[in-house]
Amino acid sequence: SQQGEEDPQALSIQEGENATMNCSYKTSINNLQWYRQNSGRGLVHLILIRSNEREKHSGRLRVTLDTSKKSSSLLITASRAADTASYFCATAIMDSSYKLIFGSGTRLLVRP
Amino acid sequence: GAVVSQHPSRVICKSGTSVKIECRSLDFQATTMFWYRQFPKQSLMLMATSNEGSKATYEQGVEKDKFLINHASLTLSTLTVTSAHPEDSSFYICSARLTGGPGEQFFGPGTRLTVL
């Protein structure tokens, strides 16, 4: 079963604006990861944040993690039309399986 | 680096036939690979964890006799959909975990299966 939910389900913004996506999960985690998927393609790993980290940056991406609220957010700054894709959070639960449980995803449309 | 390939990218088959999908890690060794299924506009559902040299671990509700997984080497895992039916039509994606890494997975491009 899916670990958590993401909101919004869909987001449409103008190029240059920032996009924020939120992810909530249910169980204790080892780390949380964000992935991007273009339509009909595989997933691309964006960023991994460990359970003892609160914030992480990578280029135009900023991820936060609040383990007390079991939530994470992904911020894409200065968005571009090429950022149009579906974004998924995935949680690695605290066992030895290394399994990832994916959230429901946010479909982002960046209008040129 | 860390490239995962899948073959075939698309397959159309008749109901009742079996289909094999290959997942290869091209430039790294992966003791653990994962198989996911994705329906249109939905998230990925983990089907099973494929462990090199041992039996796969299936998620609840996934029929192991229906979806046969073989992880014969450190760079290859195969998923065979046996006696496929139209309800098995889906997008199947594999991923590989970099052994010793922090936990990120590298995904293949996916296989679109259509069962007529």
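The chains referred to below are lettered A, B, ... by the order of the sequence lines, with proteins before strands, and numbering in each begins at 1. Since the structure is predicted, the reported quantities are computational estimates derived from the model, not experimental observations.
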Q) Do other residues, nucleotides or ligands put more than 12 heavy atoms under 6.0 Å from the NZ atom of B/K66? A) yes
Q: Please look at A/Y98 and chain B and tell me whether the side chain, the backbone, both or neither of the residue comes under 4.5 angstrom of a heavy atom of that chain.
A: both
Q. Should we count CZ of A/R54 as having more than 12 external heavy atoms under 6.0 Å?
A. yes
**Q.** Proximal component of A/L48, with respect to chain B [non-hydrogen, under 4.5 Å]
**A.** side chain
Q: Report yes or no: do A/L74 and A/I13 belong to one cluster of Ile/Leu/Val/Met/Phe/Trp/Tyr joined by side chain heavy-atom distances under 4.5 Å?
A: yes
Q | Side chain / backbone / both / neither for B/Q38 at chain A, heavy atoms under 4.5 Å | A | side chain
Q) Do you reckon B/F106 sits in the same ILVMFWY cluster as B/M33, going by side-chain contacts under 4.5 Å, direct or chained? A) no
Q: State plainly whether one hydrophobic cluster holds both A/L61 and A/I49, where clusters connect Ile, Leu, Val, Met, Phe, Trp and Tyr through side-chain heavy atoms under 4.5 angstrom apart.
A: yes
(Q) Applying a strict under-4.5 Å side-chain criterion to I, L, V, M, F, W and Y, I'd like to know whether B/V11 and B/I69 cluster together. (A) yes
Q: Measure up the B/Y36 and A/F102 rings against each other and bin them: parallel (under 30°), tilted (30 to 60°), perpendicular (over 60°).
A: perpendicular
Q: Kindly give the heavy-atom pair with the smallest separation between B/F91 and A/G40, and that separation in Å.
A: CZ-O, 3.5 Å
Q.
What's the separation between atom CD in A/Q37 and atom CZ in B/F107, rounded to the nearest 0.5 Å?
A. 9.0 Å
Q) Is any side-chain heavy atom of B/Q105 closer than 4.5 Å to a side-chain heavy atom of A/H45? A) no
Q | pair A/L43-B/I93: side-chain heavy atoms closer than 4.5 Å | A | yes
Q. Between atom CG of B/L46 and atom CD1 of A/I101, what is the distance when rounded to the nearest 0.5 Å?
A. 5.5 Å
Q. What is the distance from atom NZ of A/K99 to atom OG1 of B/T32, rounded to the nearest 0.5 Å?
A. 12.5 Å
Q. Between atom OG of B/S43 and atom OH of A/Y35, what is the distance when rounded to the nearest 0.5 Å?
A. 12.0 Å
(Q) Looking at A/Q9, I'd like to know if its CD atom is crowded, meaning that more than 12 non-hydrogen atoms belonging to other residues, nucleotides or ligands lie closer than 6.0 Å. (A) no
Q.
So, taking the atom named CG in B/L44 and the one named OG in A/S104, what distance separates them when rounded to the nearest 0.5 Å?
A. 12.0 Å
(Q) For B/R10, I'd like to know if atom CZ has over 12 heavy atoms of other residues, nucleotides or ligands within 6.0 Å. (A) no
